[in-house]
Amino acid sequence: MRRELEQGCAACAVPYPVFWIDASLHNQPEQLLPAMQACVDQADSYERILFATGFCGSALCGLQARAAELIIPRTDDCISLLLGSYARRRALSTDGGIYFLTDGWLKSDRSIIAEYGHACRRYGPDRAKKVFRSMFAHYTRLAVIETGAYDPEPVFAAAAQLAEPLHLQCESIPADDKLLHALLTGPWPEAQFLTLPPGRQISRADLRPLY
């Protein structure tokens with residue numbers, strides 16, 4: 001999300017300080033809450049803390065700020081935030097499962113493309129194809145989200161190389177930055193954002209409904 005968030009801050013002319021979370025923590029959910037709590041504690045002197053994230057499953061349960069108000073988009077994860085809403089993500093998936101990619105996710109050493117390359121080297125191309133076709137049995141498409149924050153052509157080319165052996169259709173989908181911009185500028189209507197007052201922990205019930 002770094003490029004997209006920096007692009008959004010520039011577009012909205014908001015020079016906010018940003019506290020970054022290591023993307024690899026998405027693969028270590030038990031460590032995600034402590035890392036996010038550490039960031040919240042570091043920023044607790046501010047009046048309000050905005051989360052350029054989704055709910056990340058139940059990873060935010062228990063999070064709280066002592067003095068700051070917390071504002072979190074009502075989306076399941078960053079993909080839905082980039083697409084503008086969870087509802088749009090679901091609508092895009094009505095014709096079959098869709099796996100989304102951006103430049104940021106592609107550059108991770110734990111991206112699906114990196115994992116496929118590792119499997120090919122370790123098990124050979126034939127076995128890797130068999131394993132990954134099984135993993136993607138419920139998917140029909142790979143989609144590159146064009147956020148405007150990076151050149152999509154190299155990402156699309158890498159996605160197409162993976163899509164071919166897995167028998168997936170490869171396509172590009174435009175992002176929708178309205179929800180991210182609304183997060184950065186406010187107001188924060190209840191239907192779109194979870195607002196937590198100071199001192200209150202996030203509960204599992206708070207993480208519904210999704211926008």
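Model, not experiment: these values are computed from the prediction.
Residues meeting the side chain to side chain contact (heavy atoms under 4.5 Å, CB included) test with Cys120, sequence neighbours left out: Tyr116, Ala128. Scored by the ring-ring contact (aromatic ring centres under 6.0 Å, His included) test, Phe100 finds no partners at all (sequence neighbours excluded). Remark: Gln7 engages Ala149 in a side chain to side chain contact (heavy atoms under 4.5 Å, CB included) (not counting sequence neighbours). Annotation: side chain to side chain contact (heavy atoms under 4.5 Å, CB included) contacts of Ser58 (sequence neighbours excluded): Cys61, Arg204. Every side chain to side chain contact (heavy atoms under 4.5 Å, CB included) that Met1 has, sequence neighbours left out, goes to Cys78, Leu81, Leu82. Among residues two or more places apart in sequence or in another chain, the salt bridge (charged side-chain N to carboxylate O under 4.0 Å, His left out) test is passed with Arg88 by none.
Criterion: ILVMFWY side-chain heavy atoms under 4.5 Å apart, direct or through other members. Under it, Val14 and Trp20 are part of a common hydrophobic cluster. Cluster annotation: Ile79 is not connected to Leu194 through the hydrophobic network of ILVMFWY side chains, with a link wherever side-chain heavy atoms come within less than 4.5 Å. Leu5 and Leu25 are not part of a single hydrophobic cluster, where members link through side-chain heavy atoms under 4.5 Å apart. Cluster membership check: Leu92 does not share its hydrophobic cluster with Phe156, using side-chain heavy-atom separations under 4.5 Å among Ile, Leu, Val, Met, Phe, Trp and Tyr. Linking ILVMFWY residues whenever their side-chain heavy atoms come closer than 4.5 Å, directly or via other members, places Ile202 and Leu33 in the same cluster.
Looking at every heavy atom in both residues, Leu106 comes nearest to Ala158 through CD2-CB, 4.0 Å. Closest of all the heavy-atom pairs between Trp188 and Ala182 is NE1-O, 3.5 Å. What you find for Leu183 and Phe51 is that their closest heavy atoms are CD2-O, 3.2 Å. Heavy atoms only, all atoms of each residue included: Phe55 and Pro209 are closest at CE1-O, 4.4 Å. Shortest non-hydrogen contact noted between Gly8 and His181 is CA-NE2, 3.9 Å. Across all their heavy atoms, Ala65 and Val40 have their closest contact at CB-CG1, 3.6 Å.
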**Asked** Are Asp177 and Thr147 close enough, and set up right, to give a side chain to side chain contact (heavy atoms under 4.5 Å, CB included), and what steps lead you there?
**Response** CA-CA 8 Å; Asp177 58 16; Thr147 66; over 6 Å; no
**Request:** Using the side chain to side chain contact (heavy atoms under 4.5 Å, CB included) rule, take Leu184 and Tyr16 through it: C-alpha gap first, then chi angles, then the decisive distance, then the call.
**Result:** CA-CA 9 Å; Leu184 295 173; Tyr16 298 146; 4.2 Å; yes
**Message:** For a side chain to side chain contact (heavy atoms under 4.5 Å, CB included) check, start with the C-alpha distance between Ile71 and Ile49, then their side-chain angles and the critical distance, and finish with the verdict.
**Reply:** CA-CA 6 Å; Ile71 307 290; Ile49 302 173; over 6 Å; no
**Prompt:** Should Ile98 and Leu142 be marked as a side chain to side chain contact (heavy atoms under 4.5 Å, CB included) after you check the CA-CA gap, both sets of side-chain angles, and the distance that decides it?
**Reply:** CA-CA 6 Å; Ile98 182 168; Leu142 279 179; over 6 Å; no
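For Lys107 and Asp103, the salt-bridge test passes: some basic side-chain N is under 4.0 Å from an acidic carboxylate O. Using a 4.0 Å cut-off between charged nitrogen and carboxylate oxygen, Asp77 and Arg89 count as a salt-bridge pair.
When atom types are taken as modelled, the side chain of Ser111 and the backbone of Ala114 share a donor-acceptor pair closer than 3.5 angstrom. Using a distance-only test at 3.5 Å, with no hydrogens or angles considered, no donor-acceptor pair links the side chain of Arg66 to the main chain of Ser45. Of the possible donor and acceptor atoms, none in the side chain of Arg74 sits under 3.5 Å from a partner among the backbone N and O of Tyr86. With hydrogens and angles disregarded, no donor-acceptor distance shorter than 3.5 Å links the side chain of Ser108 to the backbone of Trp105. Here the side chain of Gln37 pairs a donor or acceptor atom with the backbone of Gln64 at under 3.5 angstrom.
With contacts defined as side-chain heavy-atom distances shorter than 4.5 Å, the pair Tyr99/Leu168 does not qualify. Annotation: side chain of Glu69 is in contact with side chain of Arg48 (closest heavy-atom distance under 4.5 Å). In this structure, the side chains of Ile112 and Leu101 come closer than 4.5 Å at one or more pairs of heavy atoms. For the pair Leu83 and Ile173, the minimum side-chain heavy-atom distance is below 4.5 Å. Between Leu179 and Thr75 the shortest side-chain heavy-atom distance falls below 4.5 Å. Using a 4.5 Å heavy-atom threshold, the side chains of Met36 and Leu60 count as touching. Residues Pro17 and Tyr46 meet the side-chain proximity criterion, which asks for heavy atoms closer than 4.5 Å. The side-chain heavy atoms of Phe19 and Gln42, taken from C-beta on, include a pair separated by under 4.5 Å.
Using cut-offs of 30° and 60° for the angle between ring planes, the Phe136 and Tyr139 rings count as tilted.
For the atom pair Cys56 SG and Asp76 CG, the distance stands at 9.0 Å (nearest 0.5 Å). Once rounded to the nearest 0.5 Å, the distance linking OG1 of Thr140 with CD of Glu171 reads 8.0 Å. Going from atom CD of Glu164 over to atom CD of Gln161 covers 9.5 Å, rounded to the nearest 0.5 Å. Summarising the geometry, atom SG belonging to Cys12 is positioned 7.0 Å from atom CG belonging to Leu180; distances are rounded to the nearest 0.5 Å.
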